[in-house]
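Below: one structure, written as structure tokens.
One-based numbering, in listed order, for ligands and for the atoms of each.
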Amino acid sequence: MTFGLKAAVGARGFEAEITVADGETVAILGPNGAGKSTLLNLTAGLLSPDRGRATLGGRVLFDTEPGRRRVALPAWKRGVSMLAQDALLFPHLSVRENVAFGPRSTGSSRADARNRAVAWLERVDASELAERRPAELSGGQAQRVAVARALATEPELLLLDEPMAALDVSVAPAIRRMLREVLRDRTAIIVTHDVLDAYTLADRVVVLEAGRVVDAGPTRAVLDRPATPFAAGLAGLNLLMGTAVSGGTIELDDGQRLVARSAQGLEPGAAAALAVRPSAVRVLAPTIPGRHDNTITATVSDVEPRGDVVRIRAGRIAADVTPAEAADLDLQPGAVARFAFSAEDAVAYPV
Ligand SMILES: Nc1ncnc2c1ncn2[C@@H]1O[C@H](COP(=O)(O)OP(=O)(O)OP(=O)(O)O)[C@@H](O)[C@H]1O
């Protein structure tokens with residue numbers, strides 16, 4: 001079912017439009033307060049827009065555009081299921097009864113609802129939990145059951161609100177694998193802070209910032225060539241914004257020029273970005289001469305151990321160095337360092 005929404009909520013500074021193609025999973029990324037929950041709540045029928053319209057398949061979920069007949073379907077008539085961070089199961093019902101509850105309340109017979117619950121519990125690999133009470137489940141088990149419950153009503157659109165955020169990191173991979181399975185060919189929207197979810201579960205991502213869509217496209221395209229520092233941060237890339245000069249050269253706002261070997265579609269004078277991985281950036285002692293395609297001199301702001309490397313941040317640039325290099329160069333906050341990277345490792349593109 002194709003989903004389309006265009007809505008504004010003045011009090012929340014929200015004004016956005018999104019579409020989800022039939023069978024597509026779209027990840028919504030964005031910093032805190034960007035409007036991700038607002039978007040889900042508008043879709044689910046938990047919040048009314050000041051104006052807007054949403055359709056799912058051929059059905060109108062809401063329409064408050066001026067001059068049109070007002071429509072606002074109640075949540076239970078929308079064909080939309082929402083999976084929250086917490087499983088929110090009914091504590092007094094067994095797992096099977098929890099999953100059967102939805103189909104039962106939309107008119108299925110007792111036997112049919114039970115069969116559907118059994119089938120869904122099997123799909124999420126939770127058959128052996130059927131007779132337990134929610135209090136007897138781990139967080140990961142409860143979330144499996146919540147997925148079965150959300151899907152047992154056969155929604156036309158599934159909304160997932162950070163479904164792995166409340167889980168122990170050790171169980172998240174198994175839940176992610178299960179979600180990958182159930183989301184295949186399903187029309188769904190997933191709100192996440194985790195770039196791994198976007199890569200593994202979504203066909204497309206939409207980046208929201210301050211209530212507006214600031215970037216959208218196939219997951220790899222958006223995260224490999226992020227248009228905003230937020231998306232670059234998620235993708236683990238340095239993003240240097242400037243103006244295209246010529247070829248792969250861009251000029252930063254302080255006049256410094258950087259060059260990337262890979263550059264497409266840059267129009268001289270137009271806004272451009274250059275992306276480079278922190279692992280491709282070297283840190284040099286300020287006094288050692290040498291020719292490099294690109295160098296940026298900056299004051300170290302942060303030194304962050306990350307497994308077997310140390311990430312050195314200095315304003316808009318970050319580099320990953322070995323602990324030995326960090327010690328040899330005495331890279332402490334406040335130290336001035338030279339960051340260098342090759343044009344070969346940089347990508348420049350219009351934004
Ligand atoms: N119940 C509410 N009443 C009024 N304003 C709200 C309410 N909930 C959220 N807002 C405001 O609406 C804007 C969007 O918030 P929203 O919760 O949709 O963001 P979010 O992207 O889901 O954030 P987070 O990642 O922190 O959950 C924010 O400015 C927020 O302060």
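Across every non-hydrogen atom of Arg12 and Thr38, the tightest pair is NH1-OG1, 3.0 Å.
A side-chain donor-acceptor contact under 3.5 Å links Asn238 to the backbone of Ala318.
With sequence neighbours excluded, no residue satisfies side-chain hydrogen bond (donor to acceptor under 3.5 Å, both in side chains) with Gln264. Residues satisfying the side-chain hydrogen bond (donor to acceptor under 3.5 Å, both in side chains) test with Asp254, not counting sequence neighbours, are Arg316. Residues satisfying the ring pair (Phe, Tyr, Trp, His ring centres under 6.0 Å) test with Phe90, not counting sequence neighbours, are Phe101.
The protein residues lying under 4.0 angstrom from ligand 1, judged by non-hydrogen atoms, are Arg12, Pro31, Asn32, Gly33, Ala34, Gly35, Lys36, Ser37, Thr38, His193.
Put simply, the side chain of Val207 does not reach to within 4.5 Å of the side chain of Leu234, judged on heavy atoms.
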